[in-house]
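For reference, positions follow the sequence shown, starting with 1.
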Amino acid sequence: RTRAVVSCTGTWRRPFWPTVPGMRSFAGRQLHTHDYPGPDPFVGQRVVVVGGGISGAGHVVELAEVADTRWVTRRPPDWRDADFTEEHGRAVIERVQARVREGLRPRSVVAETGLADRGRFGEARRAGVLVHHPMFARLEADGPVWEDGNRWPADAVIWATGFRPQVDHLAPLRLRTPHGGIRVEGSLALDDRRVHLVGYGPSASTVGANRYGRDAAIELTRWLDA
């Protein structure tokens, strides 16, 4: 029995795998960013990286030094040349906060921040390393096949397709809205003030978790002492 719960389960243990026709028929290796071991096991191979976020772009840049890579994204990458300033960071947090306050599902990080067209990503893009291709239609034993019939034989597919909040343990509290999210203000679950979620929505990052974890502790101390 308890008067309050702080759920800090985050997203890392719930990698998202999309459903693509033929996934089970692919004879090569398939893994998610969650289990990515670094470039060494892929030396000399042909590797498809699926995902237009920071992890996907990072895998391509790293693997391009030791392997033949193809970067596949569901939509064109959102390249942004603006500096990722403190002001920009606050604006991102405000957008995420507004979304979860309404009970909408949190979006991916890159959907809010875009990709920085500078630094290692900018250099790789100008060098022709970060060239995206549209999502393929299916996987066959030897690799992906696109709608137009083009194919690219591959040894491995890395799914850099993000993560989902791990909140199934809260299901008995019926916090999910019809939109599939949980209404949260900061870390506080608006539909059950006994519950704080650190690692959900605006706190789903190291910086965010530190900030909102501190705020949750302060808020709970006040509430429990009331």
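Within the 4.5 Å cutoff, the side chain of Leu31 has no heavy atoms near those of the Val157 side chain. Looking only at side-chain heavy atoms (C-beta outward), Gln45 and Arg29 stay at 4.5 Å or farther from each other. You'll find the side chain of Val48 stays beyond 4.5 Å of the side chain of His133, heavy atoms only.
Follow the hydrophobic side-chain contacts under 4.5 Å out from Val129 and you never reach Val50; the two are in separate clusters.
At least one donor-acceptor pair closer than 3.5 Å links the side chain of Ser25 to the backbone N or O of Leu139. At least one donor-acceptor pair closer than 3.5 Å links the side chain of Thr177 to the backbone N or O of Gly103. Between the side chain of Trp71 and the backbone N or O of Gly51, at least one donor-acceptor pair lies under 3.5 Å. In this structure a side-chain-to-backbone donor-acceptor pair under 3.5 Å is missing from Arg118 to Gly122. Looking at Tyr200, its side chain never comes within 3.5 Å of a backbone N or O of Gln166 through a donor-acceptor pair. Arg125 places no side-chain N or O within donor-acceptor distance of the main-chain N or O of Leu130, the cut-off being under 3.5 Å. A donor-acceptor contact shorter than 3.5 Å links the side chain of Arg95 to the backbone of Glu112. Not one N or O on the side chain of Glu102 forms a donor-acceptor pair closer than 3.5 Å with the backbone of His179.
Between Arg46 and Asp68, at least one side-chain N (NZ, or NE/NH1/NH2) sits under 4.0 Å from a carboxylate O, which counts as a salt bridge.
The minimum heavy-atom distance between Val198 and Ser187, with the atom names listed, is CG2-CB, 4.2 Å. Shown here for Val100 and Pro202, the closest heavy-atom pair between the two residues is CG2-CD, 3.8 Å.
If you run side-chain contact (heavy atoms from CB on, under 4.5 Å) between Phe16 and each of Thr33, Thr11, Thr161, only Thr161 comes through.
Taking NE2 of His59 as the start and CD1 of Ile54 as the end, the distance is 11.5 Å to the nearest 0.5 Å.
Counted within 6.0 Å of CZ on Arg193, heavy atoms from surrounding residues, nucleotides or ligands total 12 or fewer; the atom is thus considered open. Heavy-atom neighbours of Arg194 CZ from other residues, nucleotides or ligands within 6.0 Å: at or below the threshold of 12.
Using a 30° and 60° split on the angle between ring planes, Phe42 and Tyr36 fall in the parallel class, below 30°. Below 30°, between 30° and 60°, or above 60°: for His32 and Trp17 the angle between ring planes is between 30° and 60°, a tilted geometry.
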Step-by-step side-chain contact (heavy atoms from CB on, under 4.5 Å) determination, Val72 to Arg70: CA-CA 6 Å; Val72 175; Arg70 175 160 286 200; 4.2 Å; yes
Steps toward side-chain contact (heavy atoms from CB on, under 4.5 Å) verdict (Leu224, Arg3): CA-CA 8 Å; Leu224 293 172; Arg3 293 177 61 193; 3.7 Å; yes
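Taking the six-membered ring where the residue is Trp, the centroids of Tyr212 and His196 are separated by 6.0 Å or more. The ring of Trp12 has its center closer than 6.0 angstrom to the ring center of His34.
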